[in-house]
Amino acid sequence: MITALRGFRDIWGEDWEVFEEIISTFKNRLRDFNVAWIETPILEPLELFVRSVGEFTDIVQKQMFSFRDRGNREVALRPEGTAGVVRAFVENRLSYPIRLAYFGPMFRAERPQKGRYRQFYQLGVEFIGFSGPYADAEGLISAYLPLKDLGLKVKVFVNTLGGEEAKVKYSEKLRDYLMDLDFLCEDCIRRRERNPLRVLDCKVCSPKLSPPDILEMVPKNERDNFDKTIRILEKYGVPVERDPKLVRGLDYYTGLVFEIKAEELDAAQNTILAGGRYDNLIYQLGGENIPAFGWAAGIDRISLIYKPSQKPKDLYFVVRTSDEYFEEAFEVLMILRNSNKRADMVFEEGKSLKAQMRRANKLGARWVVFVGEEEVKRGVVKVRDMETGEEFITSLD
RNA sequence: GCGGCGGUAGCUCAGGGGUAGAGCACCAGACUGUGGCUCUGGGGGUCGCGGGUUCGAAUCCCGUCCGCCGCCCCA
């Protein structure tokens, strides 16, 4: 048997319906934010991700599906959505400001786990040409509202990187601070040299730390923006919590960063949506110097906790008393479908009426339509309501 | 990429050197035109795959693939 590759999976039936409900909930809400939808390629030049996500990030260093195509070009399956959308924005010279939204599969060669796949689905937005605290706030609100619509219990964590300079400066200052400590765990001793920001995430060491706060290094205007953004968010009903340790794993973020976590999920996969401001990326990718803000939601993870709405299927199921009336039954089936009814019947021959009824029941049919000698003779059908058991005769709908 | 645990019927799992099991699901019957509930019967597995040990392996050993958990990282 040939099976799917590690970390890749099939999604069908109820699982796919859950996906669709989640996506359409986002679509409905994002419509109110006046977004335009965009579809970009799954395969892009490797260089695009090296330049945007960051050459030294883990994603680029060890998690990309990259290879040479037949023309010997270095290409990669997209590990995230922002790079492609920004590339498309620059390449097609889209007018701005513009709010773009996308949905599609992303690929990362990570170790699979629950809620963590090598092909996973993200729905995201890029608000290009918008800046300032109101823009940051509306961007975050556009992420929060769909999650509320889905009925999820979430917590919003925010922080600011205060611009590229403040980010670098802070990283150095933090390293200095950590170098003087003698109680760090083995992992953190290794981390403090290469990636001091990660030490802040360590479950063991973090509680013992009193690290310098990045806000002390953030320029005053950035700090004012950050404070004002939080005030706006609170005014519009988005409860936020500052997490001074929050730093995103992609290099392109420059200002506000945020993560939304689901309370119902374990820490390993509880971040269901994340994003932030990236004011330099468009310029870095050959465009004008345009500020932007974006986020991406992990649909696979959201589908782990979303409880689908239980809407009954109004399915009509046509049964025949004998295969003699197959043709008439099929005719009824097509009449139902032509009047836009969801309808089905048993196509295998030699199935007893009882077996057909069982099938109808299994598929959750609301109505069963009988076609038999009596009905054919009189040019009518008998309809049974499967919930109440009531039956009635009617001419063809 | 590293560490731990696991893989037996469609699903959830028991069995742990001597003929492959249960529940659920599926199929068919139980007053000859009617589902669900109940009863009866039935089909279905090269016990993840490959190699080794053994008279004999689902069972023990090695490898490998896949899954889950943790690390790393992230949606």
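Below, read A as the first sequence line, B as the second, and so on, with proteins coming before strands; counting in each chain starts at 1.
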Fill in the blank from the handout: Value for CG (A:Leu123) from NZ (A:Lys27), rounded to nearest 0.5 Å, stands at 8.0 Å
Problem - Pair A:Phe130 and A:Phe293, ring centroids less than 6.0 Å apart - result: no
Handout entry: Same-atom distance (P) from B:G29 to B:U34, integer angstrom
Key = 11 Å
Practice task
Considering only NZ, NE, NH1 and NH2 on the basic side and carboxylate oxygens on the acidic side, decide whether A:Arg320 and A:Glu328 come within less than 4.0 Å.
Solution key: no
Handout entry: Nucleotide forming a Watson-Crick or wobble pair with B:A75, both distances under 3.5 Å
Key = none
Handout entry: Distance, C1' atom - from B:U59 to B:G7, rounded to whole angstrom
Key = 14 Å
Practice task
Provide, to the nearest angstrom, the distance between the CG atom belonging to A:Leu353 and the P atom belonging to B:U34.
Solution key: 6 Å
Problem - Separation of the P atoms in B:G63 and B:C73, to the nearest angstrom - result: 29 Å
Handout entry: A:Glu263 versus A:Val154, closest heavy-atom pair with distance
Key = OE2-O, 3.9 Å
Practice task
Using a heavy-atom cut-off of under 4.0 Å over every strand shown, decide if A:Gly115 touches base, sugar-phosphate, or nothing.
Solution key: base
Exercise for the section: Mind checking A:Glu80 for me? I need base, sugar-phosphate or nothing, with any heavy atom below 4.0 Å counting as a touch. Expected result: nothing
Exercise for the section: Determine the contact category for A:Lys362: base if any of its heavy atoms lies under 4.0 Å from a base atom, sugar-phosphate if only primed atoms, P, OP1 or OP2 are that close, otherwise nothing. Expected result: sugar-phosphate
Practice task
Can you tell me the pairing partner of B:G23 across any strand shown, Watson-Crick or G-U wobble, with both distances under 3.5 angstrom?
Solution key: B:C11
Problem - First encountered from the 5' end of RNA chain B, between A:Glu374 and A:Tyr117 - result: A:Glu374
Exercise for the section: Output the single nucleotide from B:C69, B:A75, B:C27 whose closest atom is nearest the side chain of A:Gln113. Expected result: B:C69
Problem - Nucleotide nearest A:Glu375 when distance is taken to its side chain, options B:C68, B:G33, B:C27 - result: B:G33
Handout entry: Contact nearer the 5' end of RNA chain B, comparing A:Met357 with A:Ala109
Key = A:Ala109
Handout entry: Interatomic distance where CE belongs to A:Met64 and C1' belongs to B:C73 [whole Å]
Key = 14 Å
Fill in the blank from the handout: Scanning all shown strands, the Watson-Crick or wobble mate of B:A28 with both distances under 3.5 Å is B:U40
Exercise for the section: Of all the heavy-atom pairs spanning A:Leu304 and A:Gly115, show the shortest one and how long it is. Expected result: CD1-CA, 3.8 Å
Exercise for the section: Grab the NZ-P distance between A:Lys114 and B:G6 for me, whole Å please. Expected result: 19 Å
Handout entry: Out of B:C73, B:C26, B:G67, whichever nucleotide has its closest atom nearest the side chain of A:Gln63
Key = B:C73
Handout entry: Any N/O donor-acceptor pair, A:Arg116 side-chain to B:C69 base, under 3.5 Å
Key = no
Problem - Distance in angstrom units between A:Trp295 CH2 and B:C74 C1', rounded - result: 17 Å
Problem - Donor-acceptor pair under 3.5 Å, A:Gln356 side chain vs B:U34 base - result: no
Exercise for the section: Figure out the CZ/C1' separation between A:Arg6 and B:G48, and round it to whole Å. Expected result: 14 Å
Practice task
Determine the interatomic distance between P on B:G15 and the same-named atom on B:C74; round to the nearest Å.
Solution key: 42 Å
Fill in the blank from the handout: Picking from B:C68, B:C74, B:C73, the nucleotide nearest the side-chain atoms of A:Arg111 would be B:C68
Handout entry: Rounded interatomic separation in angstrom, taking CZ from A:Phe258 and P from B:A75
Key = 11 Å
Problem - N or O in side chain of A:Arg108 less than 4.0 angstrom from B:C73 OP1/OP2 - result: no
Handout entry: Nearest-angstrom distance, C1' atom, B:A22 to B:C65
Key = 29 Å
Handout entry: Spacing of A:Ile23 atom CD1 and A:Phe103 atom CZ [to the nearest 0.5 Å]
Key = 3.5 Å
Practice task
Look at the side chain of A:Arg384 against the base of B:G35 and say whether a donor-acceptor pair falls under 3.5 Å; ignore hydrogens and angles.
Solution key: yes
Practice task
Answer with base, sugar-phosphate or nothing: what part of the nucleic acid does A:Phe370 contact at a heavy-atom distance below 4.0 Å?
Solution key: base
Handout entry: Any donor-acceptor N/O pair under 3.5 Å between B:U32 base and A:Lys354 side chain
Key = no
Fill in the blank from the handout: Checking N1-N3 plus N6-O4 or O6-N4 for Watson-Crick, or N1-O2 and O6-N3 for wobble, each under 3.5 Å, the partner of B:C2 is B:G70
Practice task
Pick the P atom in B:A14 and in B:C60, then give their distance to the nearest Å.
Solution key: 14 Å
Practice task
Go through the side-chain N and O atoms of A:Tyr96 and A:Glu288 and say whether any donor and acceptor fall under 3.5 Å apart.
Solution key: yes
Completion exercise
Separation of B:G35 atom P from A:Met345 atom CE, nearest Å, is 19 Å
Exercise for the section: Indicate, with a heavy-atom threshold strictly under 4.0 Å, whether A:Gly7 touches base, sugar-phosphate, or nothing. Expected result: sugar-phosphate
Handout entry: For A:Ala137 against A:Leu233, the heavy-atom pair lying closest together
Key = O-CD2, 3.6 Å
Problem - C1' spacing across the pair B:U32 / B:G44, given as an integer number of angstrom - result: 31 Å
Handout entry: Spacing of the P atoms in B:G43 and B:C49 (rounded, Å)
Key = 23 Å
Completion exercise
Re B:C60: Watson-Crick or G-U wobble partner, both distances kept under 3.5 Å, found to be B:G52
Practice task
Scan A:Ala355 against the nucleic acid and name what it touches under 4.0 Å (heavy atoms): base, sugar-phosphate only, or nothing.
Solution key: sugar-phosphate
Practice task
Mark this stacking check for A:Phe120 against B:A75 as yes or no, applying ring centres under 5.5 Å and ring planes under 30°.
Solution key: yes
Completion exercise
Rounded to whole Å, the CZ-C1' distance (A:Phe317 to B:G33) equals 16 Å
